Amino acid sequence: MKVLEQLYEGKAKRVYATDRPDVVMVAYKDDATAFNGLKKGTITGKGAINNRMTNFLMKMLEKNGVPTHFIEEISSRETLVKKVSIIPLEVIVRNVAAGSLSKRLGLTEGTKLRRTVLEFCYKNDELGDPMVNEYHIAAMGWATAEQMQQIVSMALKVDEILTLYFKGVGVDLIDFKLEFGLTADGELVLADEISPDTCRFWDAETHEKLDKDRFRRDLGGVEEAYQEMSRRIMGE
Ligand code: UDP
């Protein structure tokens, strides 16, 4: 497979065309941003950790019946994935109140939610990724009702699988963000990444934060937190 020109550069990844029209390559960067790009920095080693962790988890989800865009890891920070058109939604899955939910509803961070909460945000940096509901999504034509049913059931299934898996490595999965895409054949698959950039991970015993909140909130030990998650999941 030949890697061709860069198609797109995002905040944390670059995407390249390949000589196969249905395949692209993603390359993970060490760049970190927060607060809609207002805060910028570098987390040394993050690109490689997020690449390998995402691929490890995507493979696990595939085995459990969740279709994903993953094809093959080709280096520590590069992976071949199915080319998809991304549904312009951030699907947020929450088990415990934290971050923007705590702020919005005045809940202490760490409050267990009685059931899993799903939220949808319209992916648009200029607008600051506003929260939308299924009426907005249908009205704007971002996804069909059938696709939304699939997205909801896949998101809940991912939550069940990941929550159980992370429990086994002593981590509480507080919340996370998913993105979905459509392949050329119209198959809905899980896309993007699953990493400390996109999930909140708390140590189950000490409740220490092991994710990007250490960067967002200037807590220190950012690289160490990513490395600790890498050790717990991939043993390295
Ligand atoms: N999240 C993300 N990208 C975003 C917004 C949120 O990956 O653009 C993740 C975030 O890491 C957290 C979850 O989604 O695990 C819920 O985030 P929240 O809505 O609390 O927003 P935040 O407090 O991160 O601004």
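All residue numbers refer to positions in the sequence shown, counting from 1. Just so you know, these numbers use all the heavy atoms, side chains as well, and skip hydrogens, waters and symmetry mates. Since this is a predicted model, take the numbers as computed values, not measurements. Indexing begins at 1, ligand by ligand and atom by atom, following the structure's order.
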Under 3.5 Å side-chain donor-acceptor pair for N50 and Y226: no
Taking atom 6 (C) of ligand 1 as the reference point, the nearest protein heavy atom with its distance: I92 CD1, 4.0 Å
Does ligand 1 have an atom that lies less than 4.0 angstrom from a heavy atom of K103? no
Considering heavy atoms of the protein only, find what lies nearest to atom 1 (N) of ligand 1 and give residue, atom and distance to 0.1 Å. K177 CB, 3.8 Å
Counting heavy atoms under 4.0 Å, the part of K212 that contacts ligand 1 is neither
Mind checking whether C121 contacts ligand 1 via backbone (N, CA, C, O), side chain (CB onward), both or neither, at a 4.0 Å heavy-atom cut-off? neither
Suppose I only count heavy atoms of G99 and a 4.0 Å limit; which atoms of ligand 1 are within that range? 20 (O), 23 (O)
Measure D197 to ligand 1 on non-hydrogen atoms and call it side chain, backbone, both or neither using the 4.0 Å cut-off. backbone
Under 4.0 Å between a Lys/Arg side-chain N and an Asp/Glu carboxylate O for K39 and D218? yes
Would you please determine whether E90 falls within less than 4.0 Å of ligand 1 on a heavy-atom basis? yes
For A97, which residues count as a side chain to side chain contact (heavy atoms under 4.5 Å, CB included) partner, sequence neighbours excluded? L101, S102, L107, T111, L113
Considering only protein heavy atoms, which is closest to atom 11 (O) of ligand 1, and at what distance to one decimal place? R216 NH2, 2.9 Å
Which protein heavy atom lies closest to atom 24 (O) of ligand 1, and at what distance to 0.1 Å? R200 NH2, 3.3 Å
Got a salt bridge between R20 and D22, using NZ or NE/NH1/NH2 to carboxylate O under 4.0 Å? yes
Counting heavy atoms only, name the option from D129, V93, D175 that's nearest to atom 12 (C) of ligand 1. D175
Any nitrogen or oxygen of S100 lying under 3.5 Å from a nitrogen or oxygen in ligand 1? Just yes or no. yes
Below 4.0 angstrom, N of the basic side chain to O of the carboxylate: do D185 and K82 qualify? no
Numbering the atoms of ligand 1 from 1, which are under 4.0 Å from a heavy atom of R94? 16 (C), 18 (P), 19 (O), 20 (O)
Using the ring-ring contact (aromatic ring centres under 6.0 Å, His included) rule, collect all pairs that involve residues 50-98, keeping only residues at least two apart or in two chains. F56-Y165
Does the distance from a Lys or Arg side-chain N to an Asp or Glu carboxylate O, for R200 and D175, drop under 4.0 Å? yes
Please determine whether a side-chain nitrogen of the Lys or Arg among R104 and E119 lies less than 4.0 Å from a carboxylate oxygen of the Asp or Glu. yes
Side-chain ion pair, E9 and K29, N-O less than 4.0 Å: yes
